[in-house]
Amino acid sequence: MSTAGKVIKCKAAIVFEAKGPFKIVEIEVAPPKAHEVRIKILASGICRTDDHAQDGEIKVSYPVIAGHEAIGIVESIGEGVTCVKPGDKVIPLCVPQCGRCPPCKNPEGNMCEKSDFLPAKGLMYDGTSRFSHKGKIVHNFFSTSTFTEYTVVHEDAVVKVDPAAPIEKAVLIGCGFSTGYGAATKTAKVRPGSTCAVFGLGGVGLSVVIGCKTSGASRIIGIDINKAKFPTAKELGATECISPLDFKKPINEVLHDMTDGKGVDYSFEVIGHTDTMAAALASCNKNYGVSVMVGAPPSAADMTISPTLIFTGRTWKGSLFGGLKTKDDIPNLVLGVIEKKFNLDPLVTHVLPFEKINEGFELLHKGQSIRTVLKM
Ligand code: PAD
Ligand code: ZN
Ligand code: ZN
């Protein structure tokens with residue numbers, strides 16, 4: 001029996017307050033309004049950004065349904081939707097692409113003005129939510145909300161992908177892989193023969209490693225305090241891996257020593273701490289080095305750096321979703337997975353049923369997982 005046009009009751013993981021657990025409860029999901037799409041989520045990956053939403057490091061509105069890295073099937077569409085139809089396999093877009101605003105029109109831009117972060121309101125364009133629990137509204141997260149069996153997104157925040165997309169791998173195209181891969185290939189534009197340093201070897205940092213290798217970097221130095229990440233980093237292309245805990249010197253000095261005093265050509269901070277952002281900046285060559293901030297800074301953090309670090313010529317860039325344009329680039333990245341251009345197998349260390357979401361976050365906290373994929 002068709003569910004189109006009807007309220008759907010289903011399971012979702014709600015965080016009711018900052019630092020509270022993910023509680024699986026029954027919610028009501030209203031039908032999509034005009035230009036909205038209701039999606040049955042098939043799988044959702046656990047990204048550190050969801051953890052930041054849960055612990056309050058990133059400002060969100062509670063109660064909230066987090067999750068933003070997913071793949072699903074269109075259940076129904078609202079009036080006027082033409083980009084997808086019921087039954088299509090789709091990826092929800094945590095960075096929408098409306099195609100009309102200045103960042104969408106600028107070839108170098110991607111932070112669509114319809115994006116919902118910094119600060120996140122957690123509501124649809126009309127200021128309401130399609131989610132409710134016991135009659136009270138529940139907010140959405142980063143235009144998506146995927147820790148739920150059904151979600152509703154605006155048509156700007158969904159893209160059709162090839163039906164052959166393998167769900168447990170292609171799910172990572174919704175955030176982690178694209179972010180890391182794009183940070184190397186699009187934001188930094190890593191050149192063949194260069195030396196790269198990647199700070200943080202989680203799902204996103206390892207995807208930066210893949211992007212550096214694909215770009216032809218000759219040295220890729222992985223940096224993490226958790227040495228359990230090193231074998232995977234090497235499998236994916238890191239030529240050396242080091243832990244800052246093994247050195248007395250600051251890690252930026254160690255990287256200068258490892259490169260005959262030159263510093264690396266490209267450095268990437270993929271952790272989200274201000275001290276490692278400063279260390280990554282100082283690690284690259286003082287004149288032509290490029291440092292890319294990928295890790296999400298805590299909402300409340302400020303940092304101070306010496307202007308000399310930039311004055312001598314260094315470039316310091318941020319990278320949101322790897323600088324990629326979601327609607328344009330995601331279908332091609334999914335094809336890359338189908339055609340085995342990218343091997344994402346080492347990134348997916350755990351596949352768990354949705355009900356075990358808290359176990360998935362525990363694995364992340366203990367440093368025992370790279371990506372956990374929850375299957376609905
Ligand atoms: P993760 O927690 O899986 O990986 C982080 C890694 O950093 C872990 O392996 C840690 O052991 C390591 N680490 C922690 N502290 C240090 C330290 N002091 N020195 C060296 N290594 C350390 O996270 P992730 O890969 O899912 O995400 C990484 C960051 O990227 C996180 O801040 C997340 O919010 C952000 C992100 N940004 C975007 C974007 O669009 N810019 C998208 C997705 C994720
Ligand atoms: Zn993410
Ligand atoms: Zn736009």
Side-chain angles (χ1 to χ4, degrees), residues 44-53 55 57-58 66-70 93-106 109-115 117-118 141-144 146 154 156-157 171-183 187 197-209 222-230 232-233 241-247 251 268-280 292-299 317-327 347 349 361 363-372:
S44 186
I46 292 181
C47 172
R48 181 61 76 168
T49 307
D50 299 311
D51 190 51
H52 293 327
D55 68 15
E57 285 244 334
I58 294 180
H68 60 283
E69 178 182 274
L93 309 177
C94 51
V95 183
Q97 187 182 340
C98 78
R100 297 175 297 275
C101 70
C104 279
K105 284 186 171 166
N106 187 310
N110 76 336
M111 191 177 166
C112 175
E113 287 180 355
K114 297 293 186 185
S115 305
F117 30 72
L118 308 170
F141 177 61
F142 283 12
S143 313
T144 46
T146 61
H154 192 273
D156 293 340
V171 65
L172 301 195
I173 303 297
C175 179
F177 177 72
S178 307
T179 296
Y181 181 79
T187 308
V198 183
F199 288 67
L201 301 171
V204 185
L206 291 169
S207 302
V208 173
V209 170
I223 300 142
D224 203 298
I225 49 176
N226 180 355
K227 290 187 181 176
K229 305 287 173 99
F230 293 177
T232 312
C241 288
I242 54 172
S243 165
L245 304 178
D246 288 344
F247 300 92
I251 195 70
F268 299 86
E269 202 278 356
V270 205
I271 304 163
H273 296 168
T274 51
D275 56 344
T276 40
M277 288 169 186
V292 180
M293 188 190 291
V294 184
S299 293
K317 301 180 97 173
S319 182
L320 183 78
F321 203 83
L324 302 175
K325 289 199 189 281
T326 47
K327 281 213 186 201
L347 300 181
T349 52
F361 276 89
L363 289 164
L364 178 73
H365 295 154
K366 290 185 183 153
Q368 290 171 351
S369 58
I370 293 169
R371 268 309 198 250
T372 295

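Note that ligands are numbered from 1 as they come in the structure, with each ligand's atoms numbered from 1 the same way.
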Q: Can you spot which of Asp156, Leu93, Val95 makes a side chain to side chain contact (heavy atoms under 4.5 Å, CB included) with Ser115?
A: Val95
Q: Heavy-atom pairs closer than 4.0 Å: do any link ligand 1 to the side chain of Met111, the backbone, both, or neither?
A: neither
Q: Heavy-atom pairs closer than 4.0 Å: do any link ligand 1 to the side chain of Leu364, the backbone, both, or neither?
A: side chain
Q: Just let me know how Thr179 lines up against ligand 1, side chain, backbone, both or neither, with a heavy-atom cut-off below 4.0 Å.
A: side chain
Q: Show which atoms of ligand 1 fall inside a sub-4.0 Å distance from at least one heavy-atom site of Phe321.
A: 39 (C), 40 (O)
Q: What are the protein N/O/S atoms, named by residue and atom, that sit under 2.8 Å from the Zn ion (ligand 2)?
A: Cys47 SG, His68 NE2, Cys175 SG
Q: Which atoms of ligand 1 sit under 4.0 Å from any heavy atom of Gly295?
A: 29 (C), 30 (O), 32 (O), 35 (C)
Q: May I ask whether Met293 places a heavy atom under 4.0 Å from ligand 1?
A: no
Q: Please work out whether any backbone atom (N, CA, C, O) or any side-chain heavy atom from C-beta onward of Cys175 is under 4.0 Å from ligand 1, and answer side chain, backbone, both or neither.
A: side chain
Q: In terms of relative ring orientation, are His365 and Phe361 parallel, tilted or perpendicular, with 30° and 60° separating the classes?
A: tilted
Q: What protein heavy atom lies closest to atom 18 (N) of ligand 1? Include the residue and the distance to one decimal.
A: Thr276 CG2, 3.8 Å
Q: Considering both backbone and side-chain atoms of Ile370, is one of its nitrogen or oxygen atoms within less than 3.5 Å of a nitrogen or oxygen in ligand 1?
A: no
Q: Do Val270 and ligand 1 have an N or O pair less than 3.5 Å apart?
A: no
Q: Which residue supplies the protein heavy atom nearest to atom 33 (C) of ligand 1, what is that atom called, and how far is it?
A: Thr49 OG1, 3.5 Å
Q: Judged on heavy-atom distance to atom 13 (N) of ligand 1, which of Asp50, Ile271, Val294 sits nearest?
A: Ile271
Q: Between Thr372 and Leu364, is there a side-chain heavy-atom distance shorter than 4.5 Å?
A: no
Q: Consider every N or O of Gly200 and every N or O of ligand 1, then say whether any pair is closer than 3.5 Å.
A: no
Q: Provide the protein N, O or S atoms situated under 2.8 Å from the Zn ion (ligand 3); waters are not included.
A: Cys98 SG, Cys101 SG, Cys104 SG, Cys112 SG
Q: Quick check on contacts: which atoms of ligand 1 are under 4.0 angstrom from a heavy atom of Asn226?
A: 11 (O)
Q: Which ligand 1 atoms does Leu320 reach within 4.0 Å, using its non-hydrogen atoms?
A: 40 (O)
Q: Which atoms of ligand 1 are found less than 4.0 Å from any heavy atom of Cys47?
A: 43 (C), 44 (C)
Q: May I ask whether Gly367 places a heavy atom under 4.0 Å from ligand 1?
A: no
Q: Output the list of atoms in ligand 1 that are nearer than 4.0 Å to some heavy atom of Lys229, sorted by atom number.
A: 8 (C), 9 (O)
Q: Kindly confirm or rule out an N or O of Pro244 lying under 3.5 angstrom from an N or O of ligand 1.
A: no
Q: For His273, counting its heavy atoms only, list the atoms of ligand 1 lying under 4.0 Å from any of them.
A: 15 (N)
Q: Where is the nearest protein heavy atom to atom 4 (O) of ligand 1: which residue, which atom, and how far?
A: Gly202 CA, 3.3 Å
